[in-house]
Amino acid sequence: MRIDKWLSNTGFGSRKEVKQLLKSGAVTVNGDVIKDPKTKADPDKDMVLVHGEQAVYREFVYLMMNKPQGVISATEDSRHETVIDLLHLEEQVFEPFPVGRLDKDTEGLLIITNDGQLSHSLLSPKKHVPKTYFAKINGSVPELTFEKFKEGIILEDGYKTQPAKLQVIKDEREKSEILLTITEGKFHQVKRMFEAVGRKVEYLQRVQMGRLKLDESLPLGSYRELTEEELSLLSVSEDVFE
Ligand code: URA
């Protein structure tokens with residue numbers, strides 16, 4: 001791997017900043033001062049020091065973001081701010097991407113990583129990773145919604161959803177609050193499921209993925225690294241109806 005990639009992935013700034021750092025003579029590989037950014041080093045064998053301190057290479061980054069409304073779950077967008085734009089350069093150098101999509105107006109738990117394998121296993125329809133959403137809907141919870149969602153509901157395009165688990169938090173004539181757990185990620189799925197029973201989702205927030213819960217102390221638009229334990233909670237898939 002090129003030494004400039006190693007150093008930027010270890011938190012020493014952009015490739016341009018790293019180039020300056022190398023030029024200043026601050027970097028050694030196995031004791032030799034290295035100035036050429038194209039120099040190759042092997043994370044399994046070589047010892048890289050910056051100002052005498054070891055720069056331990058890391059390949060992956062795993063972040064939990066509390067996504068705010070108004071930003072797009074994508075790496076780039078020509079018109080709108082993306083969740084990647086909200087990251088500091090320190091994390092952007094890892095070239096991370098959001099795991100799946102939340103709508104522009106949906107808030108809450110979003111995993112951002114550069115680990116393609118993890119992303120694939122969380123999104124694979126075969127893995128049935130449950131995702132729980134908190135929603136405010138207009139009106140009361142229609143009769144039989146619980147049973148209908150549990151059986152799988154037919155959306156407006158004819159698609160029958162996988163079984164979903166509905167929990168009612170507040171059931172009132174004007175506005176109700178629910179938690180809905182689904183194991184797939186079809187486009188606008190939660191909104192379309194409620195439309196199919198005659199209700200509109202007025203607010204949507206993802207609160208859980210696998211067994212990993214949104215850290216409610218994270219302000220909207222901010223993020224932090226996942227702990228090892230949280231990472232393991234994420235990969236656990238389980239039966240929603242257990
Ligand atoms: N379902 C939706 O309708 N929107 C989201 O953002 C996520 C799930």
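First listed ligand is number 1; within each ligand, the first listed atom is number 1.
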Q: If you measure from the Lys or Arg side-chain nitrogens to the Asp or Glu carboxylate oxygens, is any gap between D46 and K40 under 4.0 Å?
A: no
Q: Could you find the nearest protein heavy atom to atom 1 (N) of ligand 1 and give me its residue, atom name and distance?
A: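 Answer for atom 1 (N) of ligand 1: V190 N, 3.1 Å.
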Q: CZ of F149 to CZ of F194: how many Å apart, nearest 0.5 Å?
A: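 Result: 4.5 Å between the selected atoms.
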Q: Which residue owns the protein heavy atom closest to atom 4 (N) of ligand 1, what's the atom, and how far is it?
A: D103 OD2, 2.7 Å
Q: Using every non-hydrogen atom in the two residues, find where T82 and V71 come nearest and quote the distance to one decimal.
A: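 So the two residues come closest at C-CB, 4.4 Å.
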Q: What's the separation between atom OG1 in T113 and atom CG in L226, rounded to the nearest 0.5 Å?
A: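 CG of L226 is found 8.5 Å from OG1 of T113.
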Q: Are E107 and Y203 linked by a side-chain donor-acceptor pair shorter than 3.5 Å?
A: yes
Q: Show which atoms of ligand 1 fall inside a sub-4.0 Å distance from at least one heavy-atom site of T106.
A: 4 (N), 5 (C), 6 (O)
Q: Could you establish whether Y133 and ligand 1 come within less than 4.0 Å of each other, counting only heavy atoms on the residue side?
A: yes
Q: Side chain or backbone, does K191 bring an N or O within less than 3.5 Å of an N or O on ligand 1?
A: yes
Q: At what distance is the nearest protein heavy atom to atom 2 (C) of ligand 1, and which residue and atom is it?
A: L204 CD2, 3.4 Å
Q: Do ligand 1 and H188 have nitrogen or oxygen atoms that lie under 3.5 Å from each other?
A: yes
Q: For the residue pair S14 / E17, report whether a side-chain donor-acceptor contact shorter than 3.5 Å exists.
A: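 Result is yes, a qualifying pair exists.
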